[in-house]
Amino acid sequence: MKLEIRLLDKTFSPYLSEDEIMDRIEIIANDLEQDYSDKDVVFLSVLNGAFMFTSDLMKSLDINLQISFVKLSSYQGTESSGVVRELIGLNKNIKDKHVVILEDIVDTGNTIDKFMELLKPHGAQSIEVCTLLFKPTAFEGQKAPKYVGFEIPNKFVVGYGLDYDEAGRNIKELYQLKE
Ligand code: IMP
Ligand code: MG
């Protein structure tokens, strides 16, 4: 890893190496294999942040599975006061299936709660959340992630799919904002 990296106006220091991330993903993959090897499972990878985690996790998973890449769109309605959010990319029938949502990070938990609400009418048999990173002290959501790579402090991190203002997603390790 580099001693530090510069993205836009900020400096970041090393946080988790590629080896540390890969070792942890192996363990999560084992847990998922145990829980889902005999089930009809659909993974829903939340774009954009989860793309790298999804790729490495999928390569470690030796079970029959399906995968869809989904996204929360947001657009400002002309009359509505709030922001309307839609689920896009759900091209699989998840009725009666076991769903695992794949996230890069669960912070406040608001994004996951929104996903749960939008998935509800699709009639999945079960829904769990698998996230590479979890900030427990920031969490105020309804649905806690069942599979967690790393619990981390409430500090901003970047790399391995996560961005700072769209920068840094391609970095293969995780860096933390330098104070
Ligand atoms: P939520 O607060 O759990 O709804 O998380 C919302 C989104 O904020 C996540 O999906 C990430 O895209 C982003 N996010 C939260 N914490 C970080 C971070 O430390 N680095 C990069 N993105 C983050
Ligand atoms: Mg995200």
Side-chain angles (χ1 to χ4, degrees), residues 1-18 20-22 24-25 28 32 42-58 67-76 80-90 99-120 122 124 127-179:
M1 289 183 90
K2 297 185 178 132
L3 282 174
E4 62 174 39
I5 55 163
R6 185 97 188 138
L7 294 171
L8 308 174
D9 60 333
K10 298 210 177 343
T11 308
F12 296 81
S13 11
Y15 188 55
L16 293 170
S17 70
E18 193 180 10
E20 287 172 300
I21 297 169
M22 291 305 162
R24 189 68 193 124
I25 286 179
I28 300 175
L32 289 166
V42 181
F43 285 87
L44 298 183
S45 169
V46 180
L47 294 176
N48 293 322
F51 81 95
M52 211 176 273
F53 175 48
T54 301
S55 168
D56 287 327
L57 181 68
M58 290 300 111
I67 180 154
S68 253
F69 292 87
V70 294
K71 199 165 189 164
L72 272 186
S73 80
S74 60
Y75 63 91
Q76 213 73 52
S80 92
S81 46
V83 177
V84 182
R85 309 200 81 184
E86 285 182 324
L87 182 63
I88 49 179
L90 185 67
V99 168
V100 180
I101 300 173
L102 297 178
E103 264 283 20
D104 51 349
I105 187 165
V106 175
D107 186 23
T108 63
N110 293 336
T111 307
I112 287 300
D113 283 350
K114 193 71 211 174
F115 259 104
M116 294 299 293
E117 187 189 318
L118 292 167
L119 286 174
K120 203 172 242 169
H122 294 274
I127 304 179
E128 296 297 349
V129 176
C130 172
T131 185
L132 179 69
L133 305 171
F134 180 41
K135 291 179 175 170
T137 56
F139 187 70
E140 52 177 35
Q142 302 295 312
K143 180 77 177 174
K146 181 167 181 186
Y147 306 93
V148 174
F150 302 91
E151 289 197 355
I152 66 168
N154 196 6
K155 281 177 80 174
F156 194 80
V157 291
V158 76
Y160 202 73
L162 291 95
D163 70 304
Y164 165 50
D165 216 358
E166 293 304 323
R169 287 197 198 275
N170 58 312
I171 298 166
K172 60 179 184 284
E173 308 104 352
L174 277 154
Y175 288 79
Q176 189 177 57
L177 181 63
K178 207 167 175 171
E179 307 296 342

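We count ligands from 1, going down the list as the structure has it; atoms in each ligand are counted the same way.
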Strictly under 4.0 Å, does any heavy atom of Gly109 approach an atom of ligand 1?
yes
Answer yes or no for Lys114: is there a heavy-atom contact with ligand 1 below 4.0 Å?
no
What do the steps show when you test Leu132 against Asp104 for side-chain contact (heavy atoms from CB on, under 4.5 Å), and what is the final call?
CA-CA 5 Å; Leu132 179 69; Asp104 51 349; 5.6 Å; no
Heavy atoms only: which of Asp104, Asn110, Leu174 lies closest to atom 10 (O) of ligand 1?
Asp104
Begin with the C-alpha distance, continue with both residues' side-chain angles, and end with the deciding distance and a verdict on side-chain contact (heavy atoms from CB on, under 4.5 Å) for Phe43 and Thr54.
CA-CA 9 Å; Phe43 285 87; Thr54 301; over 6 Å; no
Output the list of atoms in ligand 1 that are nearer than 4.0 Å to some heavy atom of Thr111, sorted by atom number.
1 (P), 4 (O), 5 (O), 6 (C)
Using a 4.0 Å heavy-atom cut-off, which part of Asp163 comes near ligand 1: side chain, backbone, both, or neither?
backbone
Heavy-atom proximity to atom 21 (C) of ligand 1 ranks first, among Val158, Leu177, Val157, for Val157
Do Leu119 and Ile101 touch side chain to side chain, with heavy atoms closer than 4.5 Å?
yes
Answer side chain, backbone, both or neither: which part of Thr108 comes under 4.0 Å from ligand 1, heavy atoms only.
both
Can Glu117 and Lys120 be counted as an ion pair, charged N to O under 4.0 angstrom?
no
Looking at side-chain heavy atoms only, is the closest gap between Asp9 and Tyr164 below 4.5 Å?
yes
Hey, are the side chains of Lys143 and Phe115 touching, using non-hydrogen atoms and a 4.5 Å cut-off?
no
What atoms of ligand 1 come within less than 4.0 Å of a heavy atom belonging to Lys135?
16 (N), 17 (C), 18 (C), 19 (O)
